[in-house]
Amino acid sequence: MLKALRQPFPIVTEPAQKWGMTLVFGLFVTLFLWLFKPFGLHNVTQNWVFFGYGLITIVALLFNLFVMPKIFPRFYNEQNWTGFSELIVTLWNISLIGLGNLFFSVALGFIGFSLKSLLYFQFITLAVALLPVIAIILLRQNILLKKNLAETQKLSAELQTLPHETHPDEKITISSDVVNDTFQLAADQLLYVTSADNYIEIYYLENSDLKKKLQRNTLKKAEEILATHKQFFRCHRMYIVNLDKVENVSGNAQGYKLNLQGTTEQIPVSRNLNKTISDRLLHR
């Protein structure tokens, strides 16, 4: 299990997924408490109390999913996210929900606030959630890993049968709003462009050597400039890649990774673009 938790894991980044997951867990908590009435809730007759506990779960998860990544952006780095990262965040979610449940119960007069009651609520919240959560993490990780490995192996095999595309005569000029900050190169030199705060990093080959140009610019503007060249594709919110330079595709639980000529950097593909990137690579 420890080995599996060290493997890459897909972090939830899409707002729709965050909202969906939050509402599902909130509804689960509400129905679980309403149906089984555990932890001394068997005498509660007002249904709104159970909805209250479900609402606490929703608020806590929304805070952790939308606010925490802005407070700790380095920890929530998509490239470094593993099963352990997911487990740590899950334990924090459970702790915050347990704390909210305690304050709600104190406000209702069900229990007094004390260290003992604090530890009790943390324990029962953890007892209810931990094992199912670990099982879900490991199961989801295993399913996604097998699925992505199978798909990328098939895609890489098909790529080997295709002729290598080149565009030696195409020139690209990437300019920014800064005076005298214009960069020109051949399309076949450019490997990929990535976002770096208020800058972009342009990675290219010069006499077979990998070079990097830092430019004050946005990835959106770079995407607009490269839009006239069909081989360039924004495969991720942080990356634009030259599809002609893709040698093969690998995969893990996080999704597809593009392996390019001339660099060991693996370019991630947003999970919702898996089919699109496959079609673009095979039908250039």
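Note: hydrogens, waters and symmetry copies are ignored here, and every other heavy atom, side chains too, is used.
Formation of a donor-acceptor pair under 3.5 Å by the Thr194 side chain with backbone atoms of Met238 is found in this model. With hydrogens and angles ignored, the 3.5 Å screen pairs no side-chain donor or acceptor of Lys211 with any backbone N or O of Ile202. In this structure a side-chain-to-backbone donor-acceptor pair under 3.5 Å is missing from Lys146 to Ile143. In this structure a side-chain-to-backbone donor-acceptor pair under 3.5 Å is present from Asn252 to Gln254. At least one donor-acceptor pair closer than 3.5 Å links the side chain of Thr161 to the backbone N or O of Glu158. In this structure, Thr82 contributes its side chain and Phe84 its backbone to a donor-acceptor pair below 3.5 Å. Put simply, the side chain of Gln231 never gets that close to the backbone of Leu243: no donor and acceptor are under 3.5 Å apart. The backbone N or O of Gly112 lies less than 3.5 Å from a partner atom in the side chain of Ser117, making a donor-acceptor pair.
Cation-pi geometry between Lys18 and Phe66 is met: the NZ or CZ atom falls under 6.0 Å from the ring centre, inside 45° of the normal.
Checked against the 6.0 Å centroid criterion, the rings of Trp81 and Phe75 qualify as a close aromatic pair. Checked against a 6.0 Å centroid threshold, the rings of Phe72 and Tyr76 do not count as neighbours. For an aromatic pair to be called close, the ring centres must be under 6.0 Å apart, and Tyr204 with Phe183 satisfies this.
Between Phe103 and Phe113, the ring planes lie parallel to each other; the angle is under 30°, not in the 30° to 60° tilted range.
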* **Pair Tyr203-Thr263, side chain to side chain contact (heavy atoms under 4.5 Å, CB included): steps then yes or no** => CA-CA 9 Å; Tyr203 288 84; Thr263 177; over 6 Å; no

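With respect to the salt-bridge test (charged N to carboxylate O, under 4.0 angstrom), the residues Asp244 and Lys230 do not qualify.
Contacts of Thr90 classified as side-chain hydrogen bond (donor to acceptor under 3.5 Å, both in side chains), with partners at least two apart in sequence or in another chain: none.
Heavy-atom contacts from other residues, nucleotides or ligands closer than 6.0 Å to CZ of Phe51 number 12 or fewer.
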